[in-house]
Every structure is written in structure tokens, then in C-alpha cells.
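Read the structure below first, then the notes.
For this chain, numbers begin at 1 and follow the sequence in order. Quick caveat: nothing in here was measured; it's all calculated off a predicted structure.
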Amino acid sequence: MRTEGTKIAIVTGAGSGIGRAVALELLGAGWSVALAGRREERLVETAGGAREALCVPTDVSRPEEVAALHSAVRERFGRLDLLFNNAGTFGPGGVPVEELDYAAWRHVVDTNLNGAFLCAQAAYRQMKEQDPQGGRIINNGSISAHTPRPHSVAYTATKHALTGLTKSLSLDGRPYGIAVGQIDIGNAATDMTERMSRGVPQANGQLMAEPVMDVADVARTVRHMAELPLEANVQFATVMATTMPYVGRG
């Protein structure tokens with residue numbers, strides 16, 4: 001069980017990248033954190049033996065595994081204060097839309113959109129029923145929720161959809177003290193963005209290296225959003241490498 005006053009979070013996609021950075025930031029700030037992801041060994045690496053961490057191998061696209069995740073959190077901690085809905089995949093980037101395999105499209109949609117919905121739905125139910133009522137959900141959007149990259153139709157479509165999910169959840173959560181916001185992240189230094197230093201396609205057809213920012217800056221932004229009182233909400237935040245080609249992209 002949790003120590004009285006300790007905040008409880010679930011971080012999906014916690015085995016690497018942004019999810020790992022956010023989980024470590026929250027643990028360092030005194031939160032208890034349930035780490036969710038498909039690979040248990042990566043979750044254990046993130047936890048680093050922290051007593052306040054709970055590792056729950058989870059494929060967010062499977063309803064039964066999402067239900068098991070939330071059951072484990074209720075059993076261990078008794079409540080939920082934060083869901084960082086982070087798990088996602090870029091999919092087969094660089095594939096023209098006319099060549100994109102339907103199975104690849106479905107995989108991105110199942111992970112990025114359906115998975116986010118399932119986790120948010122389960123969190124919403126728990127936050128509505130617990131005492132004291134309420135909590136916070138932060139969805140990991142993307143710069144691509146606003147401006148796509150070339151040949152990224154599956155990723156971009158799901159990130160646009162996440163914005164609609166965020167708005168609807170935010171509206172529906174008002175009567176129950178459930179605050180819902182979204183962070184749109186651009187070019188944080190992770191394994192997923194390592195290729196940017198070698199050059200990525202631009203809208204004009206050129207290949208160009210892009211600057212990245214420290215992923216720890218993203219984690220601090222998420223913690224700021226998470227630690228606001230429920231009477232206040234960051235509805236949308238954009239954190240990005242200052243000189244990345246976003247404003248004026250295209």
C-alpha cells in the first residue's frame with residue numbers, strides 16, 4: 001500500500017525513451033509509479049530497484065492486459081492520481097501512403113489510438129469511483145498532431161485523433177474532478193529520434209539533420225503538468241527543440 005499523501009501514477013511505454021524519463025522524474029519527486037510496457041526486462045531497468053515502482057508488463061492494445069494493469073495498481077496502491085498515456089509507435093516511417101500495408105496501419109492505430117483510449121477509459125473509471133474522487137490524465141501527442149512529416153500517414157492520423165480524445169475526455173471529466181491535458185513533443189533525444197542527427201526527409205524533398213533537446217526537459221514539463229492542483233490544467237503544451245523545423249515547416 002502507498003504511504004499516506006504519496007501520489008500514484010501509471011506511465012505507459014515506461015521501458016524506454018520519454019516514458020522512462022518521465023517515470024524516473026516522478027519517482028525522483030516522491031511519486032509511486034506503475035511502469036507499463038511490453039518488455040518486462042526494460043521496465044525492471046527503468047525501475048532500478050526503486051521500492052515505489054511497480055512493473056506490469058502490458059500491451060496497451062489488449063483490453064484484458066489494460067484491465068490487469070489497473071487491477072494491479074488498485075491492489076498495490078489503492079488509488080490512481082495520474083495516467084501518462086505515452087505508449088506509441090511511429091510504425092513504418094518513410095512508406096508512401098499507396099504502399100502502406102494495412103496490417104502496419106492497424107498496428108499503429110491499435111497502439112497509438114486504441115491503446116490510449118483503453119488506458120484512459122480504465123483510468124477514468126477508477127478516478128471517478130475512488131475517494132477522494134478525481135485525478136489527471138496526460139496524453140502524449142506529438143508535433144505531428146499539428147504538422148505532419150512526409151510519409152507518416154498512420155502516425156499523424158493517430159496523433160490528430162489523440163487531440164480529439166484529449167478534448168472529449170477533458171470535457172467529460174469535469175463533473176468528477178478528472179483533468180485531462182496533452183503534451184505535444186518535438187525532437188526529444190531518444191532511441192526513436194536518433195536518426196534525426198543523420199538527416200530526415202523534409203517537406204521540400206531534401207534530407208536534413210534536425211536538432212534535438214534533452215528528454216529530461218520533457219520529463220520536467222510532464223511533472224509540472226502532473227503536480228498542478230486539479231483546479232488547474234494545462235490543456236495543451238508544446239515542448240520542442242528550439243530550432244527544429246516546426247514553425248514554418250512545409
Do [X] and [Y] share a hydrophobic cluster, counting only Ile, Leu, Val, Met, Phe, Trp and Tyr and linking them when any side-chain heavy atoms are less than 4.5 Å apart?
{"X": "Val33", "Y": "Ile138", "value": "yes"}
{"X": "Phe236", "Y": "Leu162", "value": "no"}
{"X": "Leu80", "Y": "Met225", "value": "no"}
{"X": "Val56", "Y": "Leu43", "value": "no"}

Counting N and O atoms only, with roles assigned by atom type, does the side chain of [X] sit under 3.5 Å from a partner on the main chain of [Y], one being a donor and the other an acceptor?
{"X": "Asn85", "Y": "Ala116", "result": "yes"}
{"X": "Arg20", "Y": "Ala47", "result": "no"}
{"X": "Glu25", "Y": "Ala29", "result": "no"}
{"X": "Thr156", "Y": "Val153", "result": "no"}

Item to check | Salt bridge flag under 4.0 Å for residues Asp172 and Arg174 | outcome: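 Result for this pair is no, no salt bridge flagged.
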
Checklist entry - Any Lys/Arg nitrogen of Glu227 or Lys7 sitting under 4.0 Å from an Asp/Glu carboxylate oxygen of the other? => result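 Here Glu227 does not pair with Lys7 in a salt bridge, since their nearest N and O are not under 4.0 Å apart.
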
[atom1]/[X] to [atom2]/[Y] distance, rounded to the nearest 0.5 angstrom?
{"X": "Glu64", "Y": "Asp59", "atom1": "CD", "atom2": "CG", "result": "8.5 Å"}
{"X": "Ser61", "Y": "Arg106", "atom1": "OG", "atom2": "CZ", "result": "9.5 Å"}
{"X": "Asn233", "Y": "Ser170", "atom1": "CG", "atom2": "OG", "result": "5.5 Å"}
{"X": "Asn140", "Y": "Asn86", "atom1": "CG", "atom2": "CG", "result": "5.0 Å"}

Checklist entry - Does the side chain to side chain contact (heavy atoms under 4.5 Å, CB included) test come out yes or no for Gln133 and Lys128, once each step is laid out? => result CA-CA 6 Å; Gln133 192 179 62; Lys128 182 179 176 181; 4.2 Å; yes

Considering all heavy atoms of both residues, which atom of [X] and which atom of [Y] are nearest to each other, and what is their separation?
{"X": "Ala188", "Y": "Val212", "result": "C-CB, 4.5 Å"}
{"X": "Pro92", "Y": "Val95", "result": "O-CG2, 3.1 Å"}
{"X": "His107", "Y": "Arg38", "result": "CE1-NH1, 4.4 Å"}
{"X": "Ala145", "Y": "Gln182", "result": "CB-NE2, 4.2 Å"}
{"X": "Leu230", "Y": "Gly134", "result": "CD1-C, 4.1 Å"}
{"X": "Ala36", "Y": "Thr58", "result": "CB-OG1, 3.9 Å"}

Next on the checklist: With no hydrogens and no angle check, just 3.5 Å: does a side-chain donor-acceptor pair link Ser152 and Arg149?
Outcome noted: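 Their side chains do not contain a donor-acceptor pair, so the 3.5 Å distance test is not met.
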
Item to check | Asn112 and Thr158: side chain donor to acceptor below 3.5 Å | outcome: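 Yes, side-chain donor-acceptor contact under 3.5 Å.
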
Checklist entry - So, do Met213 and Asn187 sit near enough that their side-chain heavy atoms are less than 4.5 Å apart? => result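 SC-SC contact between Met213 and Asn187 ruled out.
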
Checklist entry - Heavy atoms, side chains only, cut-off 4.5 Å: are Gln235 and Thr166 in contact? => result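 They are in contact (side-chain heavy atoms under 4.5 Å apart), so the answer is yes.
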
Checklist entry - Are there more than 12 heavy atoms of other residues, nucleotides or ligands under 6.0 Å from atom CD of Glu40? => result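 No, CD of Glu40 has 12 or fewer neighbouring heavy atoms, counting only those of other groups under 6.0 Å.
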
Item to check | Aromatic plane relationship, Tyr155 with Phe90 - under 30° parallel, 30 to 60° tilted, over 60° perpendicular | outcome: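 Ring orientation of Phe90 relative to Tyr155: tilted.
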
Next on the checklist: Quick check on side chain to side chain contact (heavy atoms under 4.5 Å, CB included): which of Leu26, Ile10, Val11, Val22 does Leu82 satisfy it with?
Outcome noted: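 Looking at Leu26, Ile10, Val11, Val22, the match for Leu82 under the side chain to side chain contact (heavy atoms under 4.5 Å, CB included) is Leu26.
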
